[in-house]
Amino acid sequence: MYRTATRGRVALQKLAQKQVVSGLDFALPARCGGKFFGSARRPRIAFTPLVRYHAGGVSKIILPAFIAICILALYFYAHHNWHPLPAGTTIDRIVVEKSAKRLSIFRDGNQIKRYQIALGRNPAGAKQEEGDMKTPEGIYKIDGRNPQSSFHLALHISYPSDEDNQRAATRGVSAGFDIMVHGIQNGRSWIGAFHRWKNWTAGCIALTDEEIEELWRVTPDGTTIEIRP
């Protein structure tokens with residue numbers, strides 16, 4: 001009788017070994033004190049926590065890695081200067097299209113590059129007076145630069161013109177001043193390209209820090225800048 005039971009138990013163990021899969025544990029009958037516990041005909045199958053343990057371990061690795069990749073991708077998008085201009089490049093004209101929030105640079109009539117920009121907080125229409133938060137419209141010059149600007153780097157636009165001053169004087173107001181093409185406010189450069197989501201300046205034209213560094217490099221003083229509606 002004992003020999004028969006032993007052979008049966010060995011046969012069940014072999015069957016369990018053939019059918020076992022990761023995460024399954026066959027609980028076979030065991031002999032204790034001359035008695036058999038469990039059924040020799042129907043092996044009990046119990047799920048161990050092995051699958052749950054591995055799934056949790058994988059998620060603990062994959063989720064942080066996914067978050068890190070997303071952060072790196074966002075940083076790359078926000079701070080990458082696409083199609084950088086070669087050293088020695090110079091331009092002779094800048095065109096700003098306010099409605100398209102776009103600044104284009106030209107050399108000898110040929111467009112070299114475009115940048116997306118942010119404008120004054122009240123972008124519709126030409127600047128009329130100091131504090132109206134509008135970006136001017138008209139033809140001006142880049143007549144100076146400020147390497148110590150509070151907005152990274154700044155190229156000064158020759159606003160107001162004589163016409164701008166006369167128009168403002170007839171209304172008894174100041175035309176305003178210090179209109180620039182500049183980067184992001186110092187201390188907030190981390191925002192990068194996301195600054196374009198809204199118009200946020202007091203009337204200036206804003207690019208990312210990486211873009212204004214390039215524009216600063218290729219733009220000589222005296223360059224014409226045309227600002228269109």
Side-chain angles (χ1 to χ4, degrees), residues 78-85 87-107 109-161 163-165 175-229:
H79 296 280
H80 184 66
N81 180 27
W82 304 94
H83 311 296
L85 298 174
T89 301
T90 57
I91 65 171
D92 54 25
R93 187 165 175 252
I94 298 172
V95 174
V96 175
E97 299 165 89
K98 290 172 58 177
S99 59
K101 296 181 64 176
R102 184 168 58 207
L103 183 152
S104 304
I105 56 177
F106 295 81
R107 176 70 182 182
N110 298 313
Q111 180 179 289
I112 296 176
K113 190 170 181 177
R114 283 180 173 176
Y115 305 91
Q116 292 301 122
I117 57 175
L119 301 166
R121 290 192 286 272
N122 186 17
K127 188 172 185 64
Q128 300 293 319
E129 61 185 82
E130 183 177 357
D132 63 7
M133 301 297 172
K134 293 179 179 291
T135 300
E137 296 173 6
I139 298 176
Y140 303 95
K141 297 283 186 182
I142 299 298
D143 63 354
R145 58 191 64 217
N146 182 7
Q148 303 300 324
S149 171
S150 298
F151 295 86
H152 194 52
L153 299 171
L155 297 171
H156 189 268
I157 298 173
S158 61
Y159 176 91
S161 66
E163 291 180 359
D164 295 323
N165 281 323
F177 56 93
D178 278 349
I179 302 299
M180 310 274 190
V181 181
H182 60 60
I184 298 170
Q185 186 175 12
N186 294 339
R188 297 184 178 181
S189 62
W190 54 268
I191 198 170
F194 295 108
H195 83 98
R196 306 173 189 141
W197 283 7
K198 62 181 295 185
N199 292 313
W200 56 270
T201 77
C204 296
I205 298 164
L207 296 89
T208 68
D209 287 357
E210 293 78 13
E211 292 166 343
I212 191 60
E213 288 173 1
E214 181 174 71
L215 189 63
W216 174 284
R217 172 171 59 85
V218 303
T219 305
D221 288 351
T223 298
T224 298
I225 177 167
E226 180 182 355
I227 307 175
R228 300 173 179 172

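All residue numbers in this chain count up from 1 along the given sequence. All values derive from a computational prediction rather than experimental measurement.
Taking CG of Asp143 as the start and CD1 of Ile225 as the end, the distance is 10.5 Å to the nearest 0.5 Å. Note: Ile142 CD1 to Leu215 CG = 7.5 Å, rounded to the nearest 0.5 Å. One finds the CZ atom of Phe106 at 14.5 Å from the NZ atom of Lys113 (value rounded to the nearest 0.5 Å). Taking CD of Gln116 as the reference point, atom NE2 of His195 lies at 9.5 Å (rounded to 0.5 Å). Atom CG of Asp221 sits about 11.5 Å away from atom OG of Ser158, to the nearest 0.5 Å. Atom CD in Gln185 sits 11.5 Å away from atom OG1 in Thr201 (nearest 0.5 Å).
Counting only heavy atoms from C-beta outward, the side chains of Asn146 and Phe151 never approach each other to under 4.5 Å. Under the 4.5 Å side-chain criterion, counting only non-hydrogen atoms from C-beta, His156 is not in contact with Arg145. When side chains are defined from C-beta on, Asp164 counts as touching Tyr140, because their heavy atoms get closer than 4.5 Å. Taking 4.5 Å as the limit, some side-chain heavy atom of Asn199 sits within range of a side-chain heavy atom of Lys101. In this structure, Thr208 and His152 have side chains that are not in contact, with every pair of non-hydrogen atoms separated by 4.5 Å or more. By the 4.5 Å heavy-atom criterion applied to side chains, Ile105 and Ile94 are counted as neighbours.
Across all non-hydrogen atoms, the minimal contact from Ala118 to Lys198 is CB-O, 3.7 Å. Closest of all the heavy-atom pairs between Trp216 and Pro147 is CH2-N, 3.5 Å. Ala175 approaches Asn165 most closely through the heavy-atom pair CB-OD1, 3.7 Å. Arg217 and Leu85 get closest at one heavy-atom pair: NH2-O, 3.0 Å. Minimum interatomic distance between Glu97 and Ser104 (heavy atoms only, all atoms of both residues): OE2-OG, 4.1 Å. Across all their heavy atoms, Lys134 and Asn122 have their closest contact at CG-O, 3.1 Å.
Around CZ of Arg188, the count of heavy atoms belonging to other residues, nucleotides or ligands within 6.0 Å does not exceed 12.
Taking the side-chain contact (heavy atoms from CB on, under 4.5 Å) definition, one finds that Ile139 meets it with Thr224, Glu226, sequence neighbours left out.
Among Glu214, Glu210, Glu213, Glu211, the single residue meeting the side chain to side chain donor-acceptor pair (under 3.5 Å) criterion with Asn81 is Glu214. Checking each of Leu153, Thr219, Ile205, Ile184 against Ile212 for a side-chain contact (heavy atoms from CB on, under 4.5 Å) leaves exactly one that passes, namely Leu153.
Note: Trp200 and His182 have tilted aromatic rings, judged against thresholds of 30 and 60 degrees for the angle between ring planes.
Between the side chain of Thr135 and the backbone N or O of Gly203 there is at least one donor-acceptor pair closer than 3.5 Å. Remark: the backbone N or O of Trp190 is not paired with any side-chain donor or acceptor of Asp209 at under 3.5 angstrom. Side-chain N or O atoms of Lys127 include none that pairs as donor or acceptor with a backbone N or O of Gly176 at under 3.5 Å.
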Worked verdict on Thr223 versus Leu155 for side-chain contact (heavy atoms from CB on, under 4.5 Å): CA-CA 10 Å; Thr223 298; Leu155 297 171; over 6 Å; no
